[in-house]
Amino acid sequence: MSESDGESDFNTVSEKTRLMDGHVETNGSGSTVPLDVRNGQESTRKRSRRSGNYSEASAEDNIGGEAQVSRSDGLSDEEEELKYGAKHVIKLFAPVSLCMVVVVATISTVNFYSVKDMYLVYTPFHEESTESSTKAWMAAANSLILMAVIVLMTVLLIVLYKYRCYKTIHGWLIISSLMLLSIFSYLYLEEVLRAFNIPMDYPTLLVIMWNFGVMGMIVIHWQGPLILQQAYLIFVAALMALVFIKYLPEWTTWAVLAVISIWGPLRILVETAQERNEQIFLALIYFSTYMYAYTSMATGDEVPNVTTSRSTSEDHGFTQDWVENHANRVDQRQLEVHNMPSGQPRTQIHQEEEERGVKLGLGDFIFYSVLVGKASSYGDWNTTLACFVAILIGLCLTLLLLAMFRKALPALPISVTFGLIFYFGTKEIVSPFADSLANEQVFI
Amino acid sequence: MDLSKVPNEKKLYLCRWYFRVGFALLPFVWTVNAIWFFNEAFRKPEYEEQKNIKKYVIMSAIGSSIWFVLLATWITTFQLNRASWGEFADHISFIIPVGTP
C-alpha cells in the first residue's frame with residue numbers, strides 16, 4: 001500500500017468517541033418534554049448518523065454501556081442494572097471475540113500483514129537498529145507523533161462540530177467509509193487469495209467488490225438488517241486492526257497501546273456535545289441490543305447523548321466511554337457497529353422501554369484486535385490466548401464499573417492494561433516455563 | 001433495524017428501494033432484500049402493503065438466483081479453462097497462482 005494511501009487514511013479524524021450521558025426521563029413525566037428532546041435528538045441523530053459514518057481509518061471508540069435502570073417495583077435498581085448489564089456484557093463478547101478471531105486468523109495465514117516493508121508517514125522512525133535504547137526512544141517518538149496527529153484530528157473535528165459544519169463531517173465520514181470498505185477490502189481479498197493460491201479474474205472480482213462495497217455502504221449508513229450491519233462493522237474493525245499491525249513498527253505498537261490506555265483527548269469533544277445536548281456522531285458504535293421499547297422492561301425514558309468520535313485508521317485515539325443510559329434512539333444508525341435498530345420517536349411517545357444496550361465504540365474493537373493480533377504474530381498461541389482472556393476480563397470489569405458508576409467510561413484503559421500485562425508476563429515467564437515443563441515431560 | 005417496529009409503509013418503501021438498487025449490478029442487494037423481507041411477505045398475517053412486498057421479494061429472489069447462476073457458470077468456466085485460454089486468461093486474471101499444477 002502506498003504511503004499516500006496511508007496518508008489519506010490518516011486524514012480522517014481520529015477522535016475518541018465517548019458516549020455522553022443521556023438525559024434520563026421518567027415515564028411519568030409529561031410527554032411533551034420527552035418528545036421534544038427526543039425529536040431534537042432524533043434530528044441531530046439523523047444528522048450525526050449520516051455524518052457519523054466513519055469508515056476509514058480510525059475507528060472511534062465510542063463505547064457506551066447502557067445499563068438499564070429499571071424503576072419497576074420489586075427489583076432494586078442495582079439488581080436490575082447488574083442483571084441487564086451482565087447480559088449485555090455477554091452480548092458484547094461475541095463481536096469482540098469475532099473481530100479478534102478474524103484478525104488472528106488472517107495474521108497466521110497471510111504473510112503480508114506480518115511483513116514490514118512500508119511504513120506510514122506518521123511514524124518516521126523505523127526501528128531498524130538493534131540497540132534497545134535506540135528502539136525505545138524511536139518508539140516513544142513515534143507514539144508521540146501519532147498522538148499529536150490524533151489530537152490534531154480531534155481538535156479539527158471539534159472545531160467542525162462547534163461550528164456545526166455537519167455537512168463537512170457527514171461528507172468526510174461517508175468518504176472515509178467508502179474508502180475503507182473498497183480499498184482495504186480489495187487489498188485484503190488480494191492478499192488472502194494470494195496466500196491460498198486461488199486464481200481470480202478481474203470481472204468476478206469487480207462484481208464481488210462492487211456488491212460488497214455498496215451493500216456495506218447501504219447497511220452502515222442507511223438502513224439494513226441488524227446482523228449485516230454488525231457483521232460489516234466487525235469486518236471493518238478487523239481490517240483497520242490489520243492495517244495497524246502491518247504498518248506500525250514493533251515497539252511503536254506497544255507504546256501506542258500503552259499511551260492510549262492512559263490518555264483521552266477526546267473528552268473535550270464529548271463534553272462539548274454534552275453541553276449541546278446533542279448526539280455528535282453515531283458512528284462506530286456497536287450496540288448489543290435493539291433500541292426499541294420492549295414492553296417487558298419499561299422504565300424510564302432516557303435520551304442519551306451519544307457521541308462517537310471517529311478515529312483515523314492510523315491514529316487511533318480511542319477513548320471509550322461507557323455510558324449507562326437508556327437510549328431512546330429511535331433513529332440511530334451509526335457508522336461502525338451499531339446494533340441498534342431505530343424506531344421512530346414520534347410514534348413512540350409513550351414508549352416505555354428504551355433501548356437497553358451496551359454500546360461499544362469501534363475504536364475499542366480495533367485496539368483490542370491490534371493487541372491480540374500483534375501477540376499472535378509472534379507465533380506463540382499461549383500469549384495469544386492469554387491476551388484474549390485478559391481483554392475479555394478487562395471488558396467485564398469495565399462494564400461492571402459502568403454499572404456501578406453509571407456514566408461514560410473509557411473502555412480501553414483497563415482492557416489494554418490487562419492485555420499488555422498478560423502479554424509481557426506470559427511471553428517472559430509462562431512460555432519458557434511451559435516449554436521447559438514440556439521438555440521434562442512434567443505434567444501439572 | 002428491527003422490522004417489527006417499523007410501520008408498513010416504511011417496510012414497503014425499504015423493500016422497493018432495495019429492489020430498485022439491485023438493478024445496478026447488485027445481486028447481493030437482491031439476496032439481502034429477499035431474505036430480510038421473507039418473513040414479512042410470507043409469514044405474517046395479511047396487511048395492506050403485503051401484496052406489494054411479496055411481489056418485490058419474489059422478483060428479488062428470481063433476480064438474484066439468475067445472477068448467481070450466471071456468476072457460477074462464469075467462475076467455473078474460468079477456473080477450468082484458465083490455463084488453456086492462454087494469453088486472454090492471463091490478461092483478465094487478477095491473481096495467477098504460483099507453483100506447478
Side-chain angles (χ1 to χ4, degrees), chain A residues 186 189-219 222-232 287 289-295 329-333 338-348 351 353 355, chain B residues 1-11 13-15 17-40 64 67-68 70-83 85 88-101:
Chain A
Y186 166 78
L189 192 65
E190 179 180 353
E191 290 308 321
V192 166
L193 288 176
R194 194 167 287 160
F196 289 112
N197 235 4
I198 301 174
M200 172 71 76
D201 55 315
Y202 277 116
T204 317
L205 176 78
L206 209 60
V207 168
I208 292 179
M209 288 313 307
W210 172 241
N211 272 281
F212 187 71
V214 170
M215 195 66 227
M217 292 299 289
I218 294 176
V219 151
W222 199 57
Q223 289 164 323
L226 192 66
I227 305 179
L228 210 56
Q229 202 169 27
Q230 293 171 308
Y232 265 101
F287 295 96
T289 65
Y290 286 108
M291 303 284 249
Y292 275 113
Y294 289 101
T295 48
R329 311 258 176 109
V330 171
D331 207 13
Q332 272 184 357
R333 212 166 318 131
H338 294 306
N339 291 328
M340 299 189 325
S342 39
Q344 278 136 13
R346 282 172 239 87
T347 59
Q348 292 169 349
Q351 177 178 349
E353 304 231 359
E355 305 139 345
Chain B
M1 305 193 49
D2 186 6
L3 276 185
S4 57
K5 301 290 194 300
V6 171
N8 290 333
E9 312 81 47
K10 193 94 197 298
K11 285 183 209 164
Y13 170 72
L14 270 179
C15 196
W17 196 90
Y18 267 75
F19 178 68
R20 293 209 180 122
V21 163
F23 278 109
L25 303 186
L26 290 167
F28 191 31
V29 176
W30 272 339
T31 328
V32 167
N33 195 18
I35 297 176
W36 195 24
F37 283 101
F38 183 74
N39 275 337
E40 291 293 324
S64 50
W67 259 100
F68 282 127
L70 278 174
L71 266 181
T73 359
W74 163 249
I75 291 177
T76 346
T77 332
F78 179 76
Q79 297 286 349
L80 290 177
N81 296 332
R82 188 180 51 82
W85 278 350
F88 173 69
D90 282 350
H91 186 65
I92 61 172
S93 280
F94 169 54
I95 300 217
I96 301 179
V98 297
T100 54

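Chain letters run A, B, ... following the sequence lines, proteins first and then strands; every chain starts at 1. Note that the coordinates shown come from a computational prediction; the quantities given were computed from them, not determined experimentally.
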Visitor: Distance from A:Ile218 atom CD1 to B:Phe28 atom CZ, nearest 0.5 Å?
Guide: 10.0 Å
Visitor: Answer with side chain, backbone, both or neither: which region of A:Leu205 has an atom nearer than 4.5 Å to a non-hydrogen atom of chain B?
Guide: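 The answer is the side chain of A:Leu205.
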Visitor: For a quick test of reading the model, state the closest non-hydrogen atom pair linking A:Pro225 to B:Tyr18 and the distance between them.
Guide: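 Scanning both residues completely, I find the closest heavy atoms to be CD-OH, 4.1 Å.
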Visitor: Going from CH2 on B:Trp36 to CG on A:Leu228, what distance comes out if it is rounded to the nearest 0.5 angstrom?
Guide: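 It comes to 9.0 Å.
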Visitor: Can you tell which part of A:Ile208 gets under 4.5 Å to a heavy atom of chain B, answering side chain, backbone, both or neither?
Guide: neither
Visitor: Got a second to check how far A:Ile227's CD1 is from B:Ile35's CD1, nearest 0.5 Å?
Guide: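 Between A:Ile227 CD1 and B:Ile35 CD1, I get 10.0 Å after rounding to 0.5 Å.
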Visitor: Tell me every residue that passes side chain to side chain contact (heavy atoms under 4.5 Å, CB included) with A:Trp210, counting only those two or more places apart in sequence or in another chain.
Guide: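 Counting only residues at least two positions away or on another chain, A:Trp210 forms a side chain to side chain contact (heavy atoms under 4.5 Å, CB included) with A:Val214, B:Leu25, B:Leu26.
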